Amino acid sequence: MSNVVLDSKVPSGPIQDRWDNHKFNMKLVNPANKRKFTVLVVGTGLAGAAAAATLAELGYQVKCFTFHDSPRRAHSIAAQGGINGAKNYKNDGDSVYRLFYDTVKGGDFRARESNVYRLAQVSVDIIDQCVAQGVPFAREYGGLLDNRSFGGAQVSRTFYARGQTGQQLLLGAYQALMQQVSLGRVELHTKTELLDVVKKDGVAVGIVTRNVTTGEVQSWSGHATLLCTGGYGNAFYLSTNAMNSNVTAAWRAHKKGALFANACYTQIHPTCIPASDESQSKLTLMSESLRNDGRIWVPKKFDDNRPADQIPEEDRDYYLERKYPSYGNLAPRDIASRAAKVVCDEGRGVGPLKNGVFLDFSESIERLGHDTVFERYGNLFDMYERITDEDPMKVPMRIYPASHYTMGGLWVDYNLMTTVPGLYALGEANFSDHGANRLGASALMQGLADGYFVAPYTVGDYLAGLLGQGVVPTTDPVFVEAEQIVRDEARRWLSVGGTKSPEYYHRELGKLVWDYCGMERTQNGLEKALSEIPALRDEFQKNVRVLGSAEGVNQSLEKVGRVADFFDLGELMCRDALMREESCGGHFRVEHQTDDGEAQRNDEEFSFVGAWEWNGDGIAQTLHKEQLVFENVKPTQRSYK
C-alpha cells in the first residue's frame, strides 16, 4: 500500500467566498511567460473544447487531441434537454444557494460541498458566456431567455435550445477552439487516441497516442495534461452513450497512479427508448425535458394489453404523481428510474416486450395546443417516430431507464488535479460534483464550468511553479518505454488468434455488469459478478480474435483495448458497490432500503468518497477514503413526496 493522502485542498472560510478567495490566492503567470508552457488537452467535448480554447486565449501553447475526425463529433453533441443556471429569470425563488442545495440533496449527500457550491456559483457566468458566443437558447415571446424545469427541482432554471442543447453548446465551444487553432495557439490532432499517460519522477509529463488512421504510435510532452474524455457508461454495453465512448484514457491514468473514485455511482436515465431485441447495440435517450409536459403512467391491471387510448383514466396509474406528489413526474432520475423498474417487474409494463412505461402528452396537447407542444419537443418527437414508427403527438411514448451518465471517475482535488501531479480531469471524467446521483441539465453545466472557469485558474497556479523548466523531451527513456508498452500490447492482441470478437465479449461483460451492478445491487449478485467477470476476462484474453494489423485503420484493435479496460473497470464497479453497505442515489443495495422502498444511507459509516488505488493486474485495488464534511447542508433522508 502506498502513502497516498487524499488532500482535497478545499479552501477555508465561508463557502460563498471560497472560490473568489482561492482565485485571488493562486499564483499567476504573466502573459509573456504563458507562451513558455505547453498544455495537453485530451478530448474535445464541452470540457475539453472549452479548456483548450480558454487556455490558448490566455496565451498558453495548447495541443488538443480527439479520436474523432472532428471536435464536433464529441459525445457532448448528443445532450438534449438543457443546462442549469441560477439566474432566477422566472422570479420563482431560485438562487445560487438553492442550486447548490438541490445538487447536494439530489446527489444524496455524497458530494463535496465546496465543489458543488462553486459549480452553482459559476453557472450564471456560463449562460452569459454562451449567449455571447451566439448559442441560440430558446426565448420567450418578448425576446428574453426562456427556462424550463428539470428533475429534482421545483424552480425553472434550465436554459435550452429545443432538444439540441448539447449540440448548440458544443458548436459554441468548437468555434472558440477553432479560432485559436486558426491563430496558431492550439495544435489540433484529430483521429488520435490516448493509450498511455507518461510520468517521470511521479509527475505527469505527457501522453502516448495512436493515430487511428495510420496506426502511428507517438509521444507528446507537456507541462500539464488535462483529461476531458467523458464517462464510462458503456461498461454496461447497452447505454445512451455513443458506441465509441470508453474509459480507456481515464483507466490508463488510473493504472499510472490516479485514484479512481466512486466507481459504483452510475446514473440510469428514466426516459430512454426501450430495447427492441437481444441483438441491439445502442439505446436512444429521450430528453428529461419531456417530463415537463408528459405524464408517466402504466395500466393498473397486470398484463393489460389494450391500446393506450382505450385505457380509461380510472384504469391508469400515474405512479410518480401518486408516490411523489410534490415533484410528480419531475422526481430525480434515480428515483424515477427505480419506480419504472418496479412497475415493470410487477407485470404492468407496456409495449411488445412489456419493458416500458407510457410518457403521455395528450393532456398537454389539449391544454397548450398541438403547435406549442410540437414547438417545444418537435425534434425529439421526430427522432422517436423515426425509431419506433409511432407518433408521440397521437400515441404515448414508450420509455424505460437506461445507462446514461457516470458520477464516478478520477478523483480530483478542488483544483481538479488527480493524485498524479500535473494530471487533471475535467467534466464527466472526474467524480467531483454530483455525488451519487446527477440532477438533469447539470452535466453540461459541469463540463463548461470546469473548462471555461475553473481549470484556466488552477492550471495556471500549478504552472507558475514550473517557470524556467522545459518539457521532458520525447526521446527521454520514460517516453521510449511507454511507446514500447503500447506497441507490445497491440502485438499481443493481434497474436491471440481466438474465435470471438471484442464486440462479443463487450456484450457479455455488459450483461453481467447490468444484471448485478445496474439499477439494483445485492450482496449475492455482486459476489457472483466478482467471480464471473474474472473468468470471462480470462476467456477474453485467451480467445479474442483481432484481425488485421497494427498499421492503418483497425477498429477491432481499437475495440479490444477498450474492452480490456472495461473488464477491469467492471470488476471495480462491483467491488465498490459491494464495499458500500448502504443505498444512496444511483447506488441501490436491496438490503438497505426504507420501509417504503427508498434508498437508505448509512452516514455514520459511509459518508466518504471511496477512491481506489491500482496495485497491478490481478491484484485488488486499495481503498482510500476522503471523509465528506457538511457544514452548510445537513444530510437528511431525501424526500420528494
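Keep in mind the model is a prediction, meaning the values are calculated, not measured. Atoms considered below: every heavy atom in the structure, side chains included; atoms not considered: hydrogens, waters and symmetry mates.
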Mark yes or no: R580 above the aromatic ring of F608, with NZ or CZ under 6.0 Å from the six-membered ring centre and no more than 45 degrees from the axis.
yes
Geometric cation-pi criterion, R601 with F606: 6.0 Å, 45°:
no
From the list W514, Y516, Y405, ring pair (Phe, Tyr, Trp, His ring centres under 6.0 Å) with F236 holds only for W514
Please examine the side chains of [Y] and [X], heavy atoms only from C-beta on, and report whether any two atoms are closer than 4.5 Å.
{"X": "V343", "Y": "V357", "result": "yes"}
{"X": "L283", "Y": "S239", "result": "no"}
{"X": "Y265", "Y": "N437", "result": "no"}
{"X": "Q121", "Y": "Q16", "result": "no"}
{"X": "E582", "Y": "Q600", "result": "no"}
{"X": "K341", "Y": "Y400", "result": "yes"}
{"X": "M286", "Y": "H269", "result": "no"}
{"X": "M573", "Y": "R575", "result": "no"}

Above 12 or not: heavy atoms from other molecules or residues under 6.0 Å from [atom1] of [X]?
{"X": "E375", "atom1": "CD", "result": "no"}
{"X": "E604", "atom1": "CD", "result": "no"}
{"X": "E366", "atom1": "CD", "result": "no"}
{"X": "Q627", "atom1": "CD", "result": "yes"}

Between the main-chain N or O of [Y] and the side-chain N or O of [X], is there a donor-acceptor pair closer than 3.5 Å?
{"X": "S583", "Y": "R589", "value": "yes"}
{"X": "S364", "Y": "D293", "value": "yes"}
{"X": "N329", "Y": "I296", "value": "yes"}
{"X": "D433", "Y": "V116", "value": "no"}
{"X": "S245", "Y": "N241", "value": "no"}
{"X": "D277", "Y": "S279", "value": "yes"}
{"X": "D391", "Y": "V395", "value": "no"}
{"X": "S326", "Y": "Y640", "value": "no"}

Ion pair present between [X] and [Y], side-chain N to carboxylate O less than 4.0 angstrom?
{"X": "R306", "Y": "D304", "value": "yes"}
{"X": "R295", "Y": "E363", "value": "no"}
{"X": "R98", "Y": "D92", "value": "no"}
{"X": "K323", "Y": "D317", "value": "no"}
{"X": "K87", "Y": "D125", "value": "no"}
{"X": "D515", "Y": "R521", "value": "no"}

Distance check, rounded to the nearest 0.5 Å: K511 atom NZ versus L238 atom CG?
9.0 Å
Rounded to the nearest 0.5 angstrom, the CG-OG distance for L512 and S531 is 9.0 Å
With sequence neighbours left out, write down each residue that passes salt bridge (Lys or Arg N to Asp or Glu O under 4.0 Å) with E631, or none if nothing qualifies.
R18
Residue list, salt bridge (Lys or Arg N to Asp or Glu O under 4.0 Å) with R507, at least two apart or on another chain
none
Check step by step if salt bridge (Lys or Arg N to Asp or Glu O under 4.0 Å) holds for D303 and R348.
CA-CA 6 Å; D303 293 321; R348 295 194 285 150; over 6 Å; no
Quick one: sort the F361 and Y377 rings into parallel, tilted or perpendicular, breaks at 30° and 60°.
tilted
Could you tell me whether the side chains of T406 and T266 share a donor-acceptor contact shorter than 3.5 Å?
no
Please tabulate, one pair per line, all N/O donor-acceptor pairs under 3.5 Å involving side-chain atoms of residues 378-386, not counting sequence neighbours.
| from | atom 1 | to | atom 2 | distance (Å) |
| --- | --- | --- | --- | --- |
| N379 | OD1 | G163 | N | 3.3 |
| Y384 | OH | E390 | OE1 | 3.4 |
| Y384 | OH | R398 | N | 2.7 |

Could you please spell out the steps behind the ring pair (Phe, Tyr, Trp, His ring centres under 6.0 Å) verdict for Y237 and F566?
CA-CA 10 Å; Y237 185 72; F566 276 134; 9.6 Å; no
Please output the side-chain donor-acceptor pairs of residues 134-144 that fall under 3.5 Å, not counting sequence neighbours, one pair per line with the distance.
| from | atom 1 | to | atom 2 | distance (Å) |
| --- | --- | --- | --- | --- |
| R139 | NH1 | G143 | O | 2.8 |
| E140 | OE2 | K90 | NZ | 2.9 |

Not counting sequence neighbours, which residues clear ring pair (Phe, Tyr, Trp, His ring centres under 6.0 Å) with Y97? List them please.
F100
Which residue pairs pass the side-chain hydrogen bond (donor to acceptor under 3.5 Å, both in side chains) test when at least one of the two sits in residues 353-362, sequence neighbours left out?
W297-D360, N305-K354, R316-D360, D360-S362
Might you work through the salt bridge (Lys or Arg N to Asp or Glu O under 4.0 Å) test for R638 and E598, ending with a clear yes or no?
CA-CA 9 Å; R638 280 194 312 170; E598 302 296 343; over 6 Å; no
